[in-house]
2 protein chains.
Amino acid sequence: MARDLSAPRTPVRPVEVDRSSPVPLYFQVATRLQELIEAGEIGVGARIENEVDLAERLGVSRPTTRRAIQYLVERGMLVRKRGVGTQVVHPKVRRPVELSSLYDDLVSTDREPRTEVLALKVVPAPPEVAGALELSPGTEVTWIERLRHANGEPLALMHNAIPLGLLHLEAPDLAAHGLYELLRRAGYQPRTATQVIGARAAGAAEARVLRERRGASLLTMTRTAWDVSGRALEYGAHVYRASRYSFELNLTAG
Amino acid sequence: MARDLSAPRTPVRPVEVDRSSPVPLYFQVATRLQELIEAGEIGVGARIENEVDLAERLGVSRPTTRRAIQYLVERGMLVRKRGVGTQVVHPKVRRPVELSSLYDDLVSTDREPRTEVLALKVVPAPPEVAGALELSPGTEVTWIERLRHANGEPLALMHNAIPLGLLHLEAPDLAAHGLYELLRRAGYQPRTATQVIGARAAGAAEARVLRERRGASLLTMTRTAWDVSGRALEYGAHVYRASRYSFELNLTAG
DNA sequence: GTCAATACTTTGTCCTGACAAACTGACTTG
DNA sequence: CAAGTCAGTTTGTCAGGACAAAGTATTGAC
């Protein structure tokens, strides 16, 4: 359907590989291609060279070239069609979903986060928390309550549970850093998570600390995060001021 | 850390491949492995055979075996470690995020969806819609307003815009099917989307059609969806009764 | 001129073979 | 006995080749 097949192949000229580098060849090729596409040197809609020619010109094997292209296809930058070729569809990577913390988001958008630690103690896990973290009921967990400010205004009230023994938390650390940053620093990298996002009206106590009217709309988010080996890292139940915050997601369907 | 390496390798016995099938070998192997894991025959934490042995026993090459395992690794079921082996970490696939429609979700959970088409017309795209769909301002689009019921109760008020020429919509079709199903049937498969999820209080008109009190909390979702070749398919601005609906997401970090 | 058959291009699948890098566990050595 | 060394295991990377399948473009027949 009116795909412009007469468009000239962009011959990806300045790609070279460094065989002495510890970086895998396929990754070198993928990175270079990504740079060229993001810089606009290979425009949207343009077809790139076919795998065989590209491989030959770069001096690598076809499987290596395929792997590099596949990497960018999975990231949504390229589309392949058998018998047709490979086309650029997006100049920027659409990341599937960011598994980053609120704190990092605020820092990166210059919104001056500040954290007030309301509680930090060890308690037996309530049934809901124990279930989410796959612990037997009553197992002790570190329980955290924090109030997160942005630009001097309260933004979110956050309750979190962390399995004991994972890491030792101190109030000053929590005040100065995001929870995910502390987890990462201790060697635990969140990799998968399930979230439930909903909304409800603010109760009296919540309204007071968040400086909203009673009954104001709040965004709620409960999340459980696991690391790469399936170990449960964190359970969180957060409420956000809907007037100041929303979730932005980029989705990709398999 | 206390990984049970003494656990016996589960030898994935009943896997066989059918070389006369048009289904690729790597996919046959991946599917069979996935079934065994989901059925619990290979338990969580168990290591599977190493690639070389598995390949030999199945009578396929090691790259084919690797590709099958890689497929499950990307879906979060397995974890590989060089020098160690491959372990099961999750008995079920955690899909990155489902890009399915509300209608399909309600059908699959047996909640008897019913759709009331409030409006179906062709209008010039408002600036916000034009921007989201990457159309020049004022381009005409199909504009849809629907009220979605579940179990006989109103659940969501949905506004959507579709580029003209993509497909011809009739009210009866919209009443009987989800929008995504109609798109798919016309050959357009949504692949990537950006969503913004927020909350706000119900206005008077919204409260009336959704049978909520005025000021009740509503979940809001605006979304733009593209197909595999980067063509904008749909813009949607939906509001949900927070008392009856929440978003559930499974995330995976790269 | 239109439609079907054919040739060509390009990606998809699969194989064999080889070496490198990371991790484990046992052995050696001080 | 403790710590470093070394061999074994397992996944990671890469090459080169072969054929299949799905499109596109051309050619030929009616």
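By convention in this document, chain letters (A, B, ...) are assigned in the order of the sequence lines, proteins followed by strands, and residues within each chain are numbered from 1.
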Exercise. Which nucleotide in the set dA21(C), dG12(C), dC14(D) lies at the smallest distance from any side-chain heavy atom of R82(B)?
Worked result: dA21(C)
Exercise. Is the shortest side-chain N/O distance from R80(A) to OP1 or OP2 of dG12(C) below 4.0 Å?
Worked result: yes
For this session: Round to the nearest Å and state the distance from E49(A) atom CD to dT9(C) atom P.
Result: 15 Å
Seminar exercise, completed: Here the distance between atom P of dT13(C) and atom CG of L58(B), to the nearest Å, is 18 Å
For this session: Would you indicate, yes or no, if dA15(D) has its OP1 or OP2 atom less than 4.0 angstrom from a side-chain nitrogen or oxygen of R19(A)?
Result: yes
Exercise. Atom CD of Q87(B) to atom P of dT11(D): distance rounded to whole Å?
Worked result: 11 Å
Exercise. Think R62(B) has a side-chain N or O under 4.0 angstrom from the OP1 or OP2 of dC15(C)?
Worked result: no
Seminar exercise, completed: For L72(B) and A30(B) the tightest heavy-atom approach is CD1-O, 3.8 Å
Problem set entry | Distance test, side-chain N/O of T86(B) to OP1/OP2 of dT11(D), below 4.0 Å | yes
For this session: Could you check how far CD of Q70(B) sits from C1' of dT10(D), rounded to whole Å?
Result: 15 Å
Problem set entry | Interatomic distance where CD belongs to E51(B) and P belongs to dC15(C) [whole Å] | 14 Å
For this session: Quick one: list whatever passes salt bridge (charged side-chain N to carboxylate O under 4.0 Å, His left out) with R62(A), sequence neighbours left out.
Result: E51(A)
Seminar exercise, completed: Sorted by chain and residue number, the ring-ring contact (aromatic ring centres under 6.0 Å, His included) partners of Y26(A) (sequence neighbours excluded) come out as none
Exercise. How long is the line joining CZ of R66(A) and C1' of dA15(D), in whole Å?
Worked result: 15 Å
Exercise. Of the nucleotides dT13(C), dT13(D), dA15(D), which has the atom closest to the P24(B) side chain?
Worked result: dT13(C)
Problem set entry | Residue among R75(B), E74(B), R67(B) satisfying side-chain hydrogen bond (donor to acceptor under 3.5 Å, both in side chains) with Y71(B) | R75(B)
Exercise. Under 4.0 Å between a side-chain N or O of T64(B) and OP1 or OP2 of dC15(C)?
Worked result: yes
For this session: Please determine if a side-chain N or O atom of R67(B) lies less than 4.0 Å away from the OP1 or OP2 oxygen of dT13(C).
Result: yes
Exercise. Are OP1 or OP2 of dT13(C) and a side-chain N or O of Y26(B) less than 4.0 angstrom apart?
Worked result: yes
Problem set entry | L72(A) CG to dT11(C) P, straight-line distance once rounded to whole Å | 14 Å
Problem set entry | Backbone N/O of V23(B) and side chain of Q28(B): donor-acceptor pair under 3.5 Å | yes
Problem set entry | R47(B) CZ - dT10(D) C1' separation (whole Å) | 9 Å
